[in-house]
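Every chain is numbered from 1 and lettered A, B, ... according to where its sequence line falls, protein lines coming before strand lines. Worth knowing before you read on, the calculation uses all heavy atoms, side chains too, and leaves out hydrogens, waters and symmetry mates.
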Amino acid sequence: MKILYFAWIRERIGLPSEDITLAPEIKTVQQFLDWMKTRGENYEYALEHDQVVRVALNQQHCNDFSSPLDGVTEIAIFPPMTGG
Amino acid sequence: MKILYFAWIRERIGLPSEDITLAPEIKTVQQFLDWMKTRGENYEYALEHDQVVRVALNQQHCNDFSSPLDGVTEIAIFPPMTGG
Amino acid sequence: MTATPIIRVQEQDFDIAKELDLITKDQTNIGAVVSFTGLCRDEGGLLEALELEHYAGMADAQLNDIATQACQRWPLEHLLVIHRYGKISPGKNIVLVIATSSHRQAAFDGASFVMDFLKTDAPFWKKEHFKDGTSGQWVEAKDKDDQARDRWS
Amino acid sequence: MTATPIIRVQEQDFDIAKELDLITKDQTNIGAVVSFTGLCRDEGGLLEALELEHYAGMADAQLNDIATQACQRWPLEHLLVIHRYGKISPGKNIVLVIATSSHRQAAFDGASFVMDFLKTDAPFWKKEHFKDGTSGQWVEAKDKDDQARDRWS
């Protein structure tokens with residue numbers, strides 16, 4: 001699984017991306033985020049405020065964190081977008 | 001009084017403008033238009049459809065034909081505008 | 001402070017790029033620029049030219065009134081309105097509105113407001129000349145233009 | 001037939017005049033052209049530059065989605081969206097949207113719709129760098145941007 005981080009979430013984690021093999025019990029976006037927070041202080045800090053964490057699965061916005069990860073090969077985590 | 005005509009009202013009347021001294025009993029826009037229609041077939045033809053006759057007094061739109069002509073030195077008659 | 005609109009009623013063509021440049025050059029705090037350009041359509045290839053008649057003097061005054069209202073209603077930094085008259089060929093420019101603001105919606109609304117009022121309140125009239133040599137009717141005013149204007153009230 | 005939008009996500013600057021020319025050149029039946037340009041503001045003279053981070057791939061895809069929706073919703077003839085990334089100085093271009101149509105309101109709405117959705121749904125993030133050498137916060141998303149988007153639904 002390719003994981004990408006952007007903006008201040010990237011800065012807090014300290015990495016732009018990672019390749020991770022997820023444990024089979026991680027089946028949903030929420031489970032993935034919960035597990036991420038256990039990976040260290042930097043992850044916990046980056047993801048501390050649920051309401052400003054946005055997720056894209058295979059480059060598509062995911063608005064429902066109960067969504068399954070079936071078929072997902074790329075997860076991106078980022079704060080609310082501020083383009084334009 | 002300077003009278004100006006535009007677009008197909010100008011074409012029907014056959015003149016772009018006229019200088020006319022109005023009779024003192026012509027006090028309102030409506031009275032002015034009614035009198036204009038008596039000036040000949042071309043005027044009658046140009047002004048036959050009240051609902052598409054627009055009037056400006058001193059270069060300001062006049063939406064109320066009962067308006068008095070006091071202080072007016074320029075009257076323009078034209079069809080609905082189609083700029084832009 | 002409300003912006004002072006710039007109004008030009010002219011026979012000659014205008015250069016959108018030049019006008020945009022003049023407005024945005026050396027400005028470092030604008031944010032949003034909306035431009036509207038109205039062009040002459042060829043009506044399925046039949047049109048030779050549009051002839052735009054205008055009421056000189058009143059045209060400037062009306063455009064200035066409309067643009068001043070827009071500047072009072074939205075926080076615009078610049079508002080430019082150029083309207084041409086005379087014979088205009090298909091594909092050529094008729095009208096240009098440029099509105100700038102810190103706020104994108106103000107720039108959109110300011111430009112759109114000016115166009116809606118200009119269509120119904122500015123003393124210009126269009127006559128169609130066709131390629132077969134005939135002169136068509138004067139273009140008729142559209143009810144939907146009145147409706148477009150009235151949505152702002 | 002719905003228009004096919006043109007999307008460009010790029011680091012280099014764009015030339016509005018050139019893009020307008022490309023779209024309108026040799027076209028004689030367009031009618032209305034609306035352009036929106038978003039520029040970097042200097043925040044009262046304090047800002048050195050904005051840094052725009054983006055999610056390559058998804059940025060193009062999202063802009064294409066948004067623009068395609070606009071083309072389905074309004075009768076547009078052309079729709080161009082250019083969004084820059086990287087460091088951008090005050091007064092410089094960030095984003096360009098050009099919409100053309102026979103109908104002025106469609107051109108206005110199409111461009112405005114793209115901007116509203118782009119602000120909330122396109123994966124770009126802005127960080128402020130100040131002239132005093134400090135790097136400011138990442139720009140926060142605004143509630144009013146969500147509201148601007150939601151008015152279209």
CG (D/Asp143) with more than 12 external heavy atoms under 6.0 Å: no
Side-chain heavy-atom pair A/Met81, D/Thr120 within 4.5 angstrom cut-off: no
Stepwise side chain to side chain donor-acceptor pair (under 3.5 Å) test for D/Trp138 and A/Glu11: CA-CA 11 Å; D/Trp138 289 88; A/Glu11 289 181 337; 2.7 Å; yes
Nearest-0.5 Å distance, CZ of residue A/Phe6 to CZ of residue D/Phe124: 11.0 Å
Within 6.0 angstrom of D/Phe130 CZ, more than 12 heavy atoms from elsewhere: yes
Crowding at NZ, D/Lys131 (>12 non-hydrogen neighbours, <6.0 Å): yes
Residues, nucleotides or ligands: over 12 heavy atoms within 6.0 Å of D/Gln10 CD: yes
Side chain, backbone, both or neither of D/Glu51 within contact of chain A (heavy atoms, under 4.5 Å): neither
Interface moiety of D/Lys126 toward chain A, non-hydrogen atoms closer than 4.5 Å: both
D/Trp125 and A/Phe78 aromatic ring geometry - parallel, tilted or perpendicular at 30°/60° bounds: tilted
Inter-residue atom distance D/Leu52.CG - A/Thr82.OG1, 0.5 Å rounding: 7.0 Å
Point-to-point distance, once rounded to the nearest 0.5 Å, from CD of A/Gln60 to CD of D/Gln62: 6.5 Å
Contact class of A/Ala56 relative to chain D, heavy atoms under 4.5 angstrom: side chain
A/Gly84 backbone acceptor or donor facing D/His83 side chain under 3.5 Å: yes
Toward chain D, the part of A/Arg10 with a non-hydrogen atom under 4.5 Å: side chain
Proximal component of D/Asp121, with respect to chain A [non-hydrogen, under 4.5 Å]: both
Gap separating the CH2 atom of A/Trp8 from the CD atom of D/Gln137, nearest 0.5 angstrom: 10.5 Å
